[in-house]
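This report concerns only the one structure given below.
Along the sequence shown, residues are numbered consecutively beginning with 1. This one's a predicted model, so the numbers in the text were calculated from it and none came from an experiment.
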Amino acid sequence: MRVSTAFNKMLAISGAGVERVEFTEAGIVVGLRLRARTHRCPCGRKAPGYDHSRRRWRHLDLAACRLYLEADIWRVECRQCGQVRTEAVPWARPGARLSADLEDVIAWLCQRTDKTSVCRLLRVSWEAVQAVVMRVVAEHLDDSRLDGLYHLGVDEISYKRGHQYLTVIADHDRGRVVHVAQGRNHAALQGFFDLLGPERCQQVKAISMDMAKIWREPCAQFIPQADICIDPFHVIRLANIALDSVYTESGRRYGSPVAGRDWRRTRYALRAGAEQLNQDQHQLLNQLRRTRYGLWRAWDLKEGLRDLYRIVAPEDAAAYLKAWCKSALLSRLRPFRHLARTIQRHFAGIVAAVEHRLSNSRLEGINAKIRLINRRGYGHPNPHHLTAMIYLCLGGITISLPTET
């Protein structure tokens, strides 16, 4: 069997045939010839040739040797693009010096490990790996990811020192990131709704967020029919802060039966959920109810607010929360009275979160993965590179390996 025939069968490149094979110090160089007689611009349109030159692309290694694809290609003068561009080849993406198969392997590995390991394994530079990620994401990330969005979540994440943020928008139903924007402002969320369009905006039923005001104005403008769901974590966090304030204000009186080491144990029991307390801690709280009723009352209000998300039926959420706010306002506990007024300002959003069973827990999980991606890459030089990695790893992009075809 001839060497060119053997390499034709091994490489199986559609639209091209092997003309020659050279074994050099740099590696194995396989000369290719395009079968098509017409030239095509990367946009897909036929175009006349302008000039030609020989170019080389790095391919998957063969027997621990670097393998290069080499061919004479033309630059074409495309009327649709209005400029001179290099013609498209079937084995590589436009503007790339690596073959599409090698880029798919690089992108698949980048979804699972750090770029430094990818560079060492495949013997490519860090800049080449990053360029591959940008090209693969641009190819796979299309407008269809914005179809069928009914339950959204929005949150921000800091990616660099100095309070530099990315706004992350995710789909609750599919569990994937659908949009990433630089900054933490109205424009970041407004840009997403512009991409979504009026028709798809009308399909959104609910969106979860924290209590920040910056997200509400774009939501009211573009998706007025959608329910804003306040994240339960932030509500319970405010309740724990109010409980800590009552604990601090009560002071430590050693003349009380609850003092010393028991006082420190009490603080832990107050912060823990009622379902997690043991018998000794329940006895400690019962003793606290007899000696320091105000502090026990604060714990009881905190647990009552937790019950809103734990045991209250969605149809009873509004009535239950209204009764809780009335009880907190009558408690004579200043931190909880302040908390009740805050909850009244966000009453509709808190009730909607219970009714839709939505929270930002999925967004918090996504943010944890983003921090891992950033640490795994030892930081990223600019937000565009980090955004591309987020889409690659968390945007639902599936890479098909050459060995799977």
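Residues passing the ring-ring contact (aromatic ring centres under 6.0 Å, His included) test with His59, sequence neighbours excluded: none.
Using a 4.0 Å cut-off between charged side-chain N and carboxylate O, Glu103 and Arg135 make a salt bridge. A salt bridge links Asp72 to Arg54: one of the charged nitrogens lies within less than 4.0 Å of a carboxylate oxygen. The existence of a salt bridge linking Arg66 and Asp61 is excluded, since no basic side-chain nitrogen approaches an acidic carboxylate oxygen closer than 4.0 Å.
Side chain of Tyr391 to main chain of Val180: a donor-acceptor pair is present (N/O by atom type, distance under 3.5 Å, no hydrogens or angles). For Ser331 (side chain) and Ala328 (main-chain N/O), a donor-acceptor pair under 3.5 Å exists by modelled atom type. In this structure a side-chain-to-backbone donor-acceptor pair under 3.5 Å is missing from Asn8 to Leu11. Between the side chain of Asp194 and the main chain of Gly197, no donor-acceptor pair closer than 3.5 Å is present. Looking at Ser158, its side chain never comes within 3.5 Å of a backbone N or O of Gln164 through a donor-acceptor pair. Without hydrogens or angle criteria, Glu355 side chain to Glu315 main chain gives no donor-acceptor distance under 3.5 Å. Lys302 contributes no side-chain N or O that, together with a main-chain N or O of Gly273, makes up a donor-acceptor pair within less than 3.5 Å. Checked by atom type and distance alone, the side chain of Arg200 pairs as donor or acceptor with a backbone atom of Leu196 at under 3.5 Å. No donor-acceptor pair closer than 3.5 Å links the side chain of Asp227 to the backbone N or O of Ala206. A donor-acceptor contact shorter than 3.5 Å links the side chain of Trp57 to the backbone of Ala96.
Annotation for Leu308 and Ala317: closest pair CD1-O, 3.9 Å, computed over non-hydrogen atoms. Contact detail for Leu60 and Ser99: the closest heavy-atom pair is N-OG, 4.4 Å. Between Tyr68 and Ala26 the shortest heavy-atom distance is CE1-O, 3.7 Å. Heavy-atom minimum distance, Val105 versus Pro402: CG2-CD, 3.7 Å. In plain terms, the two heavy atoms of Ala239 and Leu305 that are nearest each other are CB-CD2, 3.8 Å. In terms of heavy atoms, Arg145 sits closest to Leu149 at O-CD2, 4.0 Å.
The salt bridge (charged side-chain N to carboxylate O under 4.0 Å, His left out) contacts involving residues 363-382 comprise nothing, where partners must be two or more places apart or lie in separate chains. Sorted by first then second residue, the salt bridge (charged side-chain N to carboxylate O under 4.0 Å, His left out) pairs that include residues 23-34, not counting sequence neighbours, are Glu19-Arg33.
Contact check for Leu122 versus Leu109: side-chain heavy atoms found under the 4.5 Å cut-off. The shortest side-chain heavy-atom distance between Val246 and Trp299 does not fall under the 4.5 Å cut-off. Within the 4.5 Å cutoff, the side chain of Gln279 has no heavy atoms near those of the His282 side chain. With a 4.5 Å cut-off on side-chain heavy atoms, Glu139 and Val136 do not count as touching. The shortest distance between side-chain heavy atoms of Ile214 and Asn185 does not fall below 4.5 Å. No side-chain heavy atom of Gln281 sits less than 4.5 Å from a side-chain heavy atom of Gln276. Looking at Arg174 and Asp171, their side chains come closer than 4.5 Å, going by heavy atoms from C-beta outward. Side-chain atoms of Asp155 and Tyr165, non-hydrogen and from C-beta on, never get closer than 4.5 Å to each other.
Using modelled atom types, one finds a donor on one side chain and an acceptor on the other under 3.5 Å when comparing Ser208 with Asn360. Side chains of Asn374 and His380: a donor on one and an acceptor on the other come within 3.5 Å. Defined by atom type and a distance below 3.5 Å, a donor-acceptor pair is present between the side-chain atoms of Asp142 and Ser144. When only modelled atom types and interatomic distance are considered, Arg357 and His172 share no side-chain donor-acceptor pair under 3.5 Å.
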Subject >> side chain to side chain contact (heavy atoms under 4.5 Å, CB included) assessment of Cys229 paired with Met209 >> reply: CA-CA 6 Å; Cys229 301; Met209 61 183 68; over 6 Å; no
Original post:
Taking it one step at a time, do Gln111 and Ile399 satisfy side chain to side chain contact (heavy atoms under 4.5 Å, CB included)?
Top reply: CA-CA 9 Å; Gln111 287 180 325; Ile399 306 296; 4.0 Å; yes
**OP:** Would you sort out whether His179 and Leu195 count as a side chain to side chain contact (heavy atoms under 4.5 Å, CB included), showing the intermediate values?
**Re:** CA-CA 10 Å; His179 186 71; Leu195 290 175; 3.5 Å; yes
**OP:** Using the side chain to side chain donor-acceptor pair (under 3.5 Å) rule, take Ser117 and Asp114 through it: C-alpha gap first, then chi angles, then the decisive distance, then the call.
**Re:** CA-CA 6 Å; Ser117 299; Asp114 61 277; 3.0 Å; yes
**OP:** Kindly determine whether Arg58 and Asp101 satisfy salt bridge (charged side-chain N to carboxylate O under 4.0 Å, His left out), including the steps that lead there.
**Re:** CA-CA 10 Å; Arg58 173 79 183 280; Asp101 287 347; over 6 Å; no
Original post:
Yes or no on side chain to side chain contact (heavy atoms under 4.5 Å, CB included) for Asp280 and Gln283, after CA distance, side-chain angles and deciding distance?
Top reply: CA-CA 5 Å; Asp280 293 338; Gln283 292 178 356; 4.1 Å; yes
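Taking a 6.0 Å sphere around CZ of Arg120, one finds it holds 12 or fewer heavy atoms contributed by other residues, nucleotides or ligands. Applying the 6.0 Å contact sphere to CZ of Arg35 captures more than 12 heavy atoms from other residues, nucleotides or ligands. By the neighbour-count criterion of 12 heavy atoms within 6.0 Å, atom NE2 of His346 is densely surrounded, having more than that number from other residues, nucleotides or ligands. The environment of Arg237 atom CZ is sparse: at most 12 non-hydrogen atoms of other residues, nucleotides or ligands sit within 6.0 angstrom. Around CD of Glu275, the count of heavy atoms belonging to other residues, nucleotides or ligands within 6.0 Å exceeds 12.
We find the CD1-CD1 distance between Ile366 and Ile373 to be 10.0 Å, quoted to the nearest 0.5 Å. Taken to the nearest 0.5 Å, the CG atom of Leu32 stands 11.5 Å off from the CZ atom of Arg56. Atom CG of Leu386 and atom OH of Tyr159 lie 8.0 Å apart (nearest 0.5 Å). In this structure, Arg337 CZ and Arg332 CZ are separated by 9.5 Å, a value rounded to the nearest 0.5 Å. Put simply, CD1 on Ile73 and CG on Leu34 are 8.5 Å apart, with the number rounded to the nearest 0.5 Å. Annotation: the span from Thr5 atom OG1 to Met10 atom CE amounts to 10.5 Å, rounded to 0.5 Å.
The cationic group of Arg292 does not satisfy the cation-pi geometry with Trp296, failing either the under 6.0 Å distance to the six-membered ring centre or the 45° limit from the ring axis.
With Phe222 as reference, Phe193 is the one residue of Phe192, Trp215, Phe193 to meet the ring-ring contact (aromatic ring centres under 6.0 Å, His included) rule. With respect to Cys219, the side-chain contact (heavy atoms from CB on, under 4.5 Å) criterion is satisfied by exactly one of Leu152, Leu189, Val154: Leu189.
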